[in-house]
Amino acid sequence: FVAGCKTKTSESPIPYISALDSAAIVEDSLNNAQRRSLVLGNGDLNALFFSQDDSLKLRISKNDVWDARIETSQDPPMIRFDVRNHSWKGGASRVPSWHEFEYPLPRSCAIVSIAPTTKGGARKRYNGKLDLRRALATATDGEGSTTHVRVLANRNVILIESKAEVSISQVPAPYFDAAKEGFTDGVMWIHQVMPGDPDYEGMEFAVALATEDNLKTIAVVTSWESGEVLADAIKLAKETVSLEKEVLILEHEARWNRFWSASGVQLADNILQNWWYRCLYNMSCFCKPGTMAIGLHAGLATESVGWHSSYKLNYNTQQTYWPQFVCNHVSDVDPFVKLLKGHLSRAKWLARYAYDCDGAYFFSDLFPFEPPDPASSKSNMHRQCSYVPWGYTLGMTSWAAYHAWLCYKYQPDREYLEREIYPILKETSIFFLDFMSKCKKDPDQKVILGPSYSPEHGPFGTDNNPFD
């Protein structure tokens, strides 16, 4: 087994370009959104490209589009620990906020339909190719008609090249009102408002489709980016479709060229080599600095997601960001660091409330847009979704913080360390120092670390778990 890996600067050529090109994904059918779709994304806006009946489809999602309500009105009292006496009271394994509501969860923005170029005859069958180097998906029907799709790297716009008619439709849900739909200056649009709760204002987003001959642009804008989502989505779609196609593609491919120049491999095992490139590509579709972190489900093939697609810290969220360190894409871990930093005040509150400790303790499941001060929350149980035992493994907090520390170890940026990473390390370290000061000790005066829980197996309230 012979392997080679190169790391490059942003101005370097792509290493092992033939290995990258050989990793292109080719499908003889696109007829299953979950298993045979082609993945596209720019680290924030993303889409699954597939076929259904006679049409091509795109299911669009965006990292910051969530129904982020948390309904704790019927939740029982949260667990509270007496660490010194190795005891606890309260808490439940089944709580309504987790088990009885579909939300919180990420939501798809729209479904794009690309009609067949010819009507009638046998049902259309499409084959597809995903060019990883150029982040370009191409679908071809049996008559040789092609459709090219890109999620543009430098703007939240999908670029479609097709002779076919293209339309967008909303993705309804039974737990909030339908979106408004319409046309403005020839631009088709969807405007969705999603409700809030007593401590969360809710959000809105708009999707706009502009057409210029065989070129179509679909823009997505959220209320986290704009106070006028519909107007700005229409403006972005119209502006983009009016630009030279060649310029848009050149800018798009330049960004991906910089991405691929950072690292590459050439392996004796072609299967492993292909999947190295494919997984790295998928990572970049959903992660980039300055965007919201992704939860358990990236690229929504369905609106039914498991575990609310939370930021689950018993290992799931961390594993999303493992490859970036060794593949020379450390800056793409920024969303995870910002996630922890943004939840730090809540973690400090939970450390005091649950353990009577200083510092910060992260619950197993984080969600976006959570109010920073649970103490002043209007919701029952301080709007904290809390279930036992899975949420109270001590080592989750330190493992999450460790990934922030790895950012500095792999990319030693002192300013970023001080601003983003150190507060996380400081507060989590304070928690463990205070917690251990309350723990019993064995005959050798070593701390008996507990009560805790070994993730997803064994009884609750155990000590010295290997995970911890």
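Just so it is clear, the values below take in all heavy atoms, side chains as well, and ignore hydrogens, waters and symmetry mates.
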Is any side-chain N of the basic residue among [X] and [Y] closer than 4.0 Å to the acidic one's carboxylate O?
| X | Y | result |
| --- | --- | --- |
| Arg133 | Asp21 | yes |
| Asp131 | Lys129 | no |
| Asp213 | Lys163 | no |
| Lys62 | Asp44 | yes |
| Lys312 | Asp365 | yes |
| Glu251 | Arg255 | no |
| Lys216 | Glu161 | no |
| Arg59 | Glu303 | yes |

- Query: Is there side-chain contact between Ser113 and Lys57, with at least one heavy-atom pair below 4.5 Å?
  - Reply: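 With C-beta onward as the side chain, the pair touches.
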- Answer yes or no: is there a side-chain heavy-atom contact under 4.5 Å between His148 and Thr146?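 Yes, at least one pair of side-chain atoms sits under 4.5 Å.
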- Message: Looking only at the side chains, is there a donor atom on one of Gln170 and Glu181 sitting less than 3.5 Å from an acceptor on the other?
- Response: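 Judged by distance alone, the side chains do pair up.
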- Message: Side chains of Asn63 and Asn46: any donor to acceptor distance under 3.5 Å?
- Response: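 Yes, Asn63 and Asn46 have a side-chain donor paired with an acceptor closer than 3.5 Å.
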- Message: Heavy-atom count check: over 12 atoms from other residues, nucleotides or ligands less than 6.0 Å from Trp224 CH2?
- Response: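 Yes, enclosed.
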- Query: Do Phe363 and Tyr311 pass the ring-ring contact (aromatic ring centres under 6.0 Å, His included) test, and can you show the C-alpha distance, the side-chain angles, and the key distance before you say yes or no?
  - Reply: CA-CA 10 Å; Phe363 189 70; Tyr311 304 117; over 10 Å; no
